[in-house]
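The block underneath contains the structure these notes are about, expressed in structure tokens.
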Amino acid sequence: MKAQEKSYVYLNGKVIGFVEDPISFVNEVRKTRRKGLISGEVNVAFMEKLNTININTDRGRIRKPYIIVENGSSKLTEDMLAKIKSKEINFTYLIRNGIIEYLDAEEEENALIALSEKDITKDVTHLEMDLVSVFGFTVSTSPFPEHNSLARHTMLANFIKQSEGLYSSNFNIRFDSRSYILYYPQVPIVSTSAYRAAGIKSHPSGQNLVVALSTYYGYNMSDAVVINKASVDRGMGRSMFYKSYSDEERRYPGGQKDRFRIPPPTAEGYMGEHVYSKLSEDGIIEPEMEVKEGDVLIGKVAPPRFLEENIGAGGLEEKTREDSTMLKTGEEGVVDSIIVTESTGATRIVKIRVRSLRVPEKGDKFASRHGQKGVVALIANQADMPFTESGIVPDLLLNPHSIPTRLTFGHLLEMLAGKAGSLNGKKIDGTGFITEGKARMKEYGDVLKRYGFDEFGDETLYDGITGREFKAKIFTGVVYYNRLYHMVSNKMQVRGRGKVQILTHQPTEGKARQGALRFGEMERDALIGHGATLLLKERLLDQSDKTEVLVCKSCGSMGYYDYIKRMPVCPICTNGDLVGVELSYAFKVLLDEIKSLHILPKVRLKE
Amino acid sequence: MAKKSNNYNVQYGEPVGMIAAQSVGEPGTQMILRLFHFAGIEATVTTSGLPRLAELVDAKKRPTTPITYVYIEDGAKKDFEKVEAIAKKINEVKMQNIVRRFVENFPKKRIKFFLNSQELEAAGLTSKQIASKIEKLFEVEAEADEDAVTVRLQTTNMKIIRNTGVRMMRSVISGIEGVGKAIIQQDKKTGEYFIIATGNNLGAIMDVAGVDKYRLYTNDVFAMYKQFGIESARYTLAKELMHTLSEQSITVDHRHLLLIADAMTSSGTIKGIGRHGLSGQKNSVLARAAYEETVKHLINAAAFGEIDPMSGVTENILVGKLIPLGTGSVKLAMKSGDTSKVKKNK
């Protein structure tokens, strides 16, 4: 037999030899693994197209357990299931005895996996342990996943990551740079087996809200939501925002170091007594002190940037530079806690955590576990909200248009299930694929009927403003909502006039620098396209980096005004015949830079 | 009527170039990158969408898929058989297309080509024709059997025999070099037949009897320019732009595309839009420096003492002046208080 006709055998990516009969070889390896003669972490796969065998034993492979199927029957028998229930055997036993094995991505290519026991045919090699396990962690915690569109699952996974809750029970002693804690987190009424198994019950991240699928005077158009003011006052969606600031007493070459203290008025860049008024004697702010934008949290002085000769001479006070930590623009709150500690480099470190309350307001973001996000557009008074016959006022009004086009029917089912669960006081299992939708509808409908509600969840609503009955019955239920950490109060920013960049004299960009929004190239093109020349000039010059430069009439170079001689001066000519020219400062910089390259640009003037 | 049509004229100072650029650029963002669709016959598959648009606008010397449309003169255009005959004349057939394999016999100084009879029939050739063609091309003796051609050579040098064999395989037996896959199609409206072929050897196709020289067309802008001149290239460019866009069901006013084609061909040659074309040949140093290769332009300007006339848009924005367009294109004829231009009544 020629070498080409044999199969290559790769061990962790390296060729170790050839095999004549790849299939029986692979089977033999698997057999010994199931017997427990070689490690269960070994995975072997035969790649038919490449005629190679890949044996992987290295780390970093994602592996998933499957029940082994042999000769058309699952190796996990009823007998064993009973033994598991009576705790005679456990999961490890099943792995050791070749009933369950882990497959990696490559070996999975060789397997034919049945989704349920009734799908098993003679070719099937493995059986899925649970249908939901085809999803990842986040998606499998969402209820009724089989009723939602796949695209919504990717969104939902993102939203759950962004939700506020009780992310860690030791949050009070942690100094995360940013963290959010929900005031009254609730365990969802409708949860899944994965949710319970992962134990996130002790770290919930949302609240069960009464939701009506109703419009409300146009306030919940295109993904906006209306929330109930009374619910907000009772603590719905209320959270705390923690932000940590820290600073360090750095050491510099030459024996100098930073010092935490209230900067002396002699320090370079001293900002005035009132700025430091909240600091205690050690230069660090006190706990429970209310702070607002621009307040100094940690007073610090640093050695001057450039060494000067007269240091130490005359015994004068050391020259210092102000280098305090201030609260960032647009922020306010209360100093929550402070730690003073030492780094590994034996320098002092101060960490300060500032807390501020985040009550839901217009512009804050909420999302359910079905990829349905919405921004609060109105916080309506409870009296103005629609109410049901029994006097229930919804916490949140979701626009019914957001359901059909997005194919998130799981949302509707959760509303129904949540309603049933809150009526009979039982948790509801929303794990995917366990029953059919119709059976679920019936199950929850029966509960609703028993408590005197409409079996489909519809209710007669009355408008809180007019008192009139809504013509249509409104679908009302209970849904688990997450508050997402995108909040206006952290993002809002305005600017009229303000800071400019030093180099170009153009306005700064970005919230942290109180910047403006960029009037970019495409915006420029639009104005050109309209022929709006004067508006374009206003944007790009008058409201940006306009400067007046003196230009020599005879030689065309830029000059300056000599305030002592009280006359304009040209650096080349002597006649002083200069004229003021309006220029963009960026262009002046360009001319200066060209000059620095020993090229003399000249400005020719008309008239 | 004339008055009414004048109302629709573009007004003075209208930034037509910018509007044309935006009108093509905006829908261009919606085009799916590298979308191929294989509707129709194999030969008519062309690059389409964004890659084709880029090809046209950048004035690429050779398009990736050149295609020639050959129309037939009045007499024969509705006669399928005559058209088919012309198609066979045009379609390039290489030796390697019809030869199954060839065997060299070095001691007997012979090369024997075994022909593929199906291919032979499709090309409308006989082994005798091939033998005589090879005799003519290579000045050798060739014998024709039923399904083979034997060539006699003068030398026993193995290298020469092998080389001639390979060269013969590559030689064009019939048709026009560079023109392949000629396919006949019927115009549904007029019922006339025409030929679609890959390649762009316009000069040779024109010489084929029966071809309508006045309607010969290819999607290769440069081939059209070489054969028919700049006006034809301008038309081709605009037509191809229009075609590429409408193929993606994007409707752009044809005047925008004509403007682009005009701008690209106004110098008498085809210039692309970009560093080596229109943008790189702007009048203003500052505008060129602002676009690409800033340092190169500034250094050259300094070395040659260039003067920026400040007549374009970019340079005026850069400096902070009003741009000479739209509302900025009008100026006062007279300053207040300046009476020197006023005609005095005596």
Side-chain angles (χ1 to χ4, degrees), chain A residues 504-507 518-549 551 555-558 579-607, chain B residues 10-26 28-29 256 284-287 289-291 294-332 334-335 338 340:
Chain A
T504 58
H505 284 200
Q506 284 167 2
R518 186 179 161 81
F519 188 83
E521 223 169 316
M522 293 178 84
E523 288 74 18
R524 178 204 78 149
D525 290 349
L527 286 195
I528 296 173
H530 279 277
T533 310
L534 293 157
L535 178 61
L536 185 75
K537 191 205 156 212
E538 183 178 310
R539 271 285 133 207
L540 261 28
L541 189 73
D542 303 341
Q543 297 185 346
S544 180
D545 58 347
K546 183 173 153 180
T547 38
E548 203 173 294
V549 176
V551 172
C555 74
S557 53
M558 287 189 291
V579 68
V581 175
E582 222 173 62
L583 278 182
S584 85
Y585 192 82
F587 183 62
K588 184 201 165 264
V589 174
L590 176 71
L591 293 183
D592 289 343
E593 282 187 12
I594 291 174
K595 268 186 264 178
S596 75
L597 299 170
H598 282 211
I599 296 166
L600 180 65
K602 289 181 179 176
V603 181
R604 288 196 178 182
L605 301 168
K606 273 187 197 165
E607 288 164 37
Chain B
V10 170
Q11 298 213 328
Y12 175 72
E14 188 85 22
V16 280
M18 182 60 77
I19 295 171
Q22 287 182 348
S23 305
V24 177
E26 195 278 329
T29 60
H256 297 314
S284 158
V285 198
L286 292 176
Y291 180 57
T294 311
V295 179
K296 180 185 127 187
H297 287 299
L298 287 180
I299 287 173
N300 281 342
F304 295 106
E306 241 179 274
I307 294 167
D308 197 315
M310 303 296 290
S311 54
V313 176
T314 320
E315 56 267 34
N316 278 308
I317 290 181
L318 193 93
V319 170
K321 272 173 60 172
L322 289 179
I323 54 168
L325 271 178
T327 47
S329 53
V330 282
K331 288 204 175 75
L332 285 178
M334 184 172 82
K335 274 193 171 178
D338 180 10
S340 60

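None of the values given here were measured: they were computed from a predicted structure. Excluded from the calculations below are hydrogen atoms, water molecules and symmetry mates; all remaining heavy atoms, backbone and side chain alike, are included.
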> Do you know which of B/D308, B/I307, B/V313 has the most heavy-atom pairs under 4.5 Å to chain A?
Replying inline: B/I307

> So which part of A/L534 gets closer than 4.5 Å to some heavy atom of chain B, the side chain, the backbone, both or neither?
Replying inline: both

> Is there a side-chain contact between A/D592 and A/M558, using heavy atoms and a 4.5 Å cut-off?
Replying inline: yes

>> Quick check on A/I599 against chain B: is it the side chain, the backbone, both or neither that has a heavy atom closer than 4.5 Å?
In response: side chain

>> So, taking the atom named CD1 in B/I19 and the one named CG in A/D525, what distance separates them when rounded to the nearest 0.5 Å?
In response: 11.5 Å

>> Measuring from atom CG of A/L536 to atom OG1 of B/T327, what distance do you get when rounded to the nearest 0.5 angstrom?
In response: 9.0 Å

> Does A/E593 use its side chain to pair, donor to acceptor, with the backbone of A/L590 at less than 3.5 Å?
Replying inline: no

> Which of the residues B/A21, B/S329, B/G305, B/G328 is involved in the greatest number of heavy-atom pairs with chain A at under 4.5 angstrom?
Replying inline: B/G328

>> Is A/L583 close to chain B through its backbone or its side chain, or both, or neither, when contacts mean heavy atoms under 4.5 Å?
In response: both

>> Taking atom CZ as the centre, does A/R539 end up with more than 12 heavy-atom neighbours from other residues, nucleotides or ligands that are less than 6.0 angstrom away?
In response: no

>> At a 4.5 Å cut-off on heavy atoms, which part of B/L325 comes close to chain A: side chain, backbone, both, or neither?
In response: both

>> Is B/L318 close to chain A through its backbone or its side chain, or both, or neither, when contacts mean heavy atoms under 4.5 Å?
In response: both

> When rounded to the nearest 0.5 angstrom, what is the spacing between CG in A/L600 and SG in A/C555?
Replying inline: 7.5 Å

>> Can you tell me which portion of A/A586 sits under 4.5 Å from chain B's heavy atoms? Options are side chain, backbone, both or neither.
In response: neither

> If you tally heavy-atom pairs under 4.5 Å against chain A, which of B/Q22, B/M18, B/M310 wins?
Replying inline: B/M18

>> Working note: A/L591 + A/V549, criterion side-chain contact (heavy atoms from CB on, under 4.5 Å); need CA distance, chi angles, decisive distance, verdict.
In response: CA-CA 12 Å; A/L591 293 183; A/V549 176; over 6 Å; no

